Amino acid sequence: MHTDIDGQRIRKRTLRHCALDVLVALTALQLTMMLPYFGLKSLNASVLESGQAVHFLVIAAFPSMLIGIILAYAAKSHGMVVHLTKTAISILVSYVLFLAMEETRLPGRLGQAEILWGLSVFAVLSLGCEVLGHVKTWFPANGGGRVLLVGNGAMAQQMEDMIRQASDDYELVGRVEYPAAPGQARAEEVQDIFETAKRLGANKVVISLTERRGVFPLQDMLSCKLSGIEVLDSPSMFECLTGKLLIENITPSWFIFCHGFRVTPGLKAIKRGIDVALSLFGLAVFAPFVPIVALALKLDSPGPIFFRQTRVGQGDKNFELIKFRSMRQDAEKNTGAVWAQKNDDRVTRLGRFLRKSRIDEIPQLINVLKGEMSLVGPRPERPEFVQTLKERIPYYSERHFVKPGVSGWAQVRYPYGASVEDAVEKLRYDLYYIKNISILLDFKIILKTINVMLFCRGGR
């Protein structure tokens, strides 16, 4: 049933392990060549050469990668025992391979002492990386871990598929069908969720129930919680896996009692200071290029250089957003307000480049200085669309509790929106941003936005 998903997960894990083997091998060789400086005079001190690197990669990394690939597809579990087995076999094969190649006259060939020390360091570093990977799963707060899924129905199946696709960040160790289907034995007679979680070594239990009233396993979940096992509902797990919120399954009480959605006065002050400083810097850097853009716009099509449009900001208040004009003049004269479409014929030739590179949005730094926008936040929408979206999408108004942004979490994680369905998907990301708002998240979005601009992955 999950062959394709498991295959993708194994392939991703295998590629990561192969890359790690190469990095560890190069590090081990470099450390080996530095050993004479620590008093081990039996080795010849030398600078790492390309021939030595190739020689050691063939001897150390190649067997480890090959055996790792075999075990990845053959072993059902991937714990320390499997990795110890892989390391022991690969080191043995590596030394046999070295003995077979000993008579060759490769340039930069390593001696037996260097190979023995190098393989020893390689084994220690490789096992150390594996131990660190396992330590990460012991602390659920750092993300990832061993997950036991409790529930049934379509939502539970969706959660199972998503967890299986989460690569090595999460491992689905089991699923408890709860409550039992009609005709089966009663769930409490065949399933003890707490004991199952302990037996499987789960550090997260995810509850995915279609209906909780009268069937919620309260005592088991309380036992899990008090024993240090993290208990999550489907929306919280969905957030961890995707970086967005599952708004269809969220209740108003979830917003009230969940962790997050705290925009403190101190955070506002720091965020405002960063907005002003970076906006002034951005305008100063871009100022010499404004005449060039202005001339190009005039030559490309008739119309003003700047385009002003009413948008809805914080507290549902309207403001005038400033952009470089990217559409022909009076583009909506006959149609009124409509979504921008792919290959929209209203967009000029130069405007298409300005949109893709996000250069058209640089004048919005003026809106940031005026306090109408922030550098990072939900993108402001037009009033004509907001009223419709409020009526059709639950919790849409909540995105207006913070200032709109020049860029946002939805803009760097989701393609350009051009429908109500796209607006729903973007709202998931916007609410995730508001829930987890922080200066670090803002800088992460700014860096991703710079990447979008450099590679022209912006709007339509």
Side-chain angles (χ1 to χ4, degrees), residues 262-294 297 304-326 340 351 354-383 385-386 398-414 416-417 426-427 429-434 436-454 457-459:
R262 294 190 62 204
V263 186
T264 63
L267 178 63
K268 288 181 179 179
I270 296 173
K271 191 172 168 65
R272 180 58 182 162
I274 294 173
D275 284 345
V276 172
L278 292 183
S279 296
L280 288 172
F281 176 77
L283 289 172
V285 169
F286 192 75
F289 301 98
V290 172
I292 299 174
V293 175
L297 283 169
I305 297 170
F306 295 102
F307 174 71
R308 297 175 181 269
Q309 191 177 67
T310 302
R311 298 290 179 97
V312 178
Q314 186 177 22
D316 287 322
K317 296 179 180 179
N318 292 347
F319 70 98
E320 275 200 340
L321 179 140
I322 309 171
K323 300 177 67 173
F324 282 121
R325 182 177 57 83
S326 59
L354 294 179
R355 282 174 170 246
K356 286 288 185 181
S357 61
R358 297 278 180 91
I359 293 176
D360 66 319
E361 296 177 356
I362 288 179
Q364 292 170 40
L365 296 177
I366 298 173
N367 292 112
V368 175
L369 290 177
K370 293 169 65 177
E372 298 166 332
M373 296 179 66
S374 176
L375 286 175
V376 179
R379 283 295 294 165
E381 197 50 85
R382 302 174 65 176
F385 298 144
V386 167
E398 274 64 26
R399 72 195 300 273
H400 297 141
F401 278 95
V402 298
K403 287 182 181 180
V406 177
S407 186
W409 187 237
Q411 276 59 53
V412 298
R413 294 292 298 269
Y414 189 74
Y416 192 88
K426 289 172 66 176
L427 180 62
Y429 289 106
D430 288 335
L431 292 180
Y432 173 90
Y433 169 76
I434 299 172
N436 299 280
I437 189 170
S438 68
I439 301 303
L440 287 178
L441 181 56
D442 278 11
F443 277 116
K444 180 178 180 179
I445 294 170
I446 290 172
L447 291 175
K448 285 182 174 290
T449 302
I450 293 173
N451 180 65
V452 169
M453 295 177 68
L454 290 175
R457 296 170 181 166

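Worth saying up front: this structure is predicted, and the values here are computed from it rather than measured.
- Of the possible polar contacts, none joining the Arg311 side chain to the Glu381 backbone as a donor-acceptor pair under 3.5 Å is found.
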Side chain to side chain contact (heavy atoms under 4.5 Å, CB included), that's the test. Do Val276 and Val368 meet it? Break it down for me.
CA-CA 7 Å; Val276 172; Val368 175; over 6 Å; no
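- We find the CD1-CD distance between Ile362 and Gln364 to be 10.0 Å, quoted to the nearest 0.5 Å.
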Output, in order, the C-alpha distance, side-chain angles, deciding distance and verdict of side chain to side chain contact (heavy atoms under 4.5 Å, CB included) for Val263 and Lys268.
CA-CA 7 Å; Val263 186; Lys268 288 181 179 179; 3.7 Å; yes
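- A pairwise comparison of heavy atoms in Ile446 and Leu278 identifies CD1-CD1, 4.1 Å as the closest pair.
- The two atoms that bring Ile445 and Ser407 nearest to each other are CG2-OG, 4.1 Å, heavy atoms only.
- Between Ser279 and Leu375, the closest side-chain pair of non-hydrogen atoms falls below 4.5 Å.
- A donor-acceptor contact shorter than 3.5 Å links the side chain of Lys403 to the backbone of Gly371.
- Within the model, atoms CZ of Arg308 and CZ of Phe319 stand 12.0 Å from one another, a figure rounded to the nearest 0.5 Å.
- To the nearest 0.5 Å, atom CZ of residue Arg399 and atom CG of residue Leu427 are 7.0 Å apart.
- Remark: Phe286 engages no residue in a ring-ring contact (aromatic ring centres under 6.0 Å, His included) (not counting sequence neighbours).
- More than 12 heavy atoms of other residues, nucleotides or ligands lie within 6.0 Å of CZ in Arg272, so this atom counts as buried by the packing criterion.
- Residues Pro378 and His400 form no side-chain contact, since every pair of their non-hydrogen atoms from C-beta on lies 4.5 Å or further apart.
- In this view, Asp442 and Lys271, Tyr433 satisfy the side chain to side chain donor-acceptor pair (under 3.5 Å) rule, not counting sequence neighbours.
- With Ser374 contributing its side chain and Gly377 its backbone, the two residues share no donor-acceptor pair below 3.5 Å.
- Counting only distance, with no hydrogens or angles, the side chain of Asn318 and the backbone of Pro383 share no donor-acceptor pair below 3.5 Å.
- With sequence neighbours excluded, no residue satisfies side chain to side chain donor-acceptor pair (under 3.5 Å) with Arg413.
- The two residues Ile305 and Ala294 have their closest heavy-atom pair at CD1-CB, 3.4 Å.
- Ring geometry, Trp409 versus Tyr432: the interplanar angle falls under 30°, so the pair is classed parallel (tilted spans 30 to 60°).
- In this structure, Arg325 and Asp360 have side chains that are not in contact, with every pair of non-hydrogen atoms separated by 4.5 Å or more.
- The main-chain N or O of Val406 is found under 3.5 Å from a side-chain atom of Arg379 such that the two form a donor-acceptor pair.
- Rounded to the nearest 0.5 angstrom, Gln411 CD and Thr449 OG1 are separated by 8.0 Å.
- Residues Lys323 and Pro363 have side chains not in contact (no heavy-atom distance under 4.5 Å, counting atoms from C-beta outward).
- Listed by chain and number, the residues in a side chain to side chain donor-acceptor pair (under 3.5 Å) with Gln314 amount to none (sequence neighbours excluded).
- For Phe307 and Phe324, the distance between ring centers is not under 6.0 angstrom.
- Rounding to the nearest 0.5 Å places CG of Leu321 at 5.5 Å from CE of Met373.
- You'll find the side chain of Val412 stays beyond 4.5 Å of the side chain of Tyr429, heavy atoms only.
- Contact of the Arg382 side chain with the Thr310 side chain is not registered, since no non-hydrogen atoms from C-beta on lie closer than 4.5 Å.
- The CD1 atom of Ile322 lies 12.5 Å from the CD atom of Gln309; values are rounded to the nearest 0.5 Å.
- Not counting sequence neighbours, Asp275 has no partner by the salt bridge (charged side-chain N to carboxylate O under 4.0 Å, His left out) test.
- A search for side chain to side chain donor-acceptor pair (under 3.5 Å) contacts involving Asn436 returns Glu239, not counting sequence neighbours.
- Contact annotation: the side chain of Ile270 approaches that of Ile274 to within less than 4.5 Å [non-hydrogen atoms, C-beta and beyond].
- Closest non-hydrogen pair, Ser438 versus Leu267, comes out as CA-CD1, 4.4 Å.
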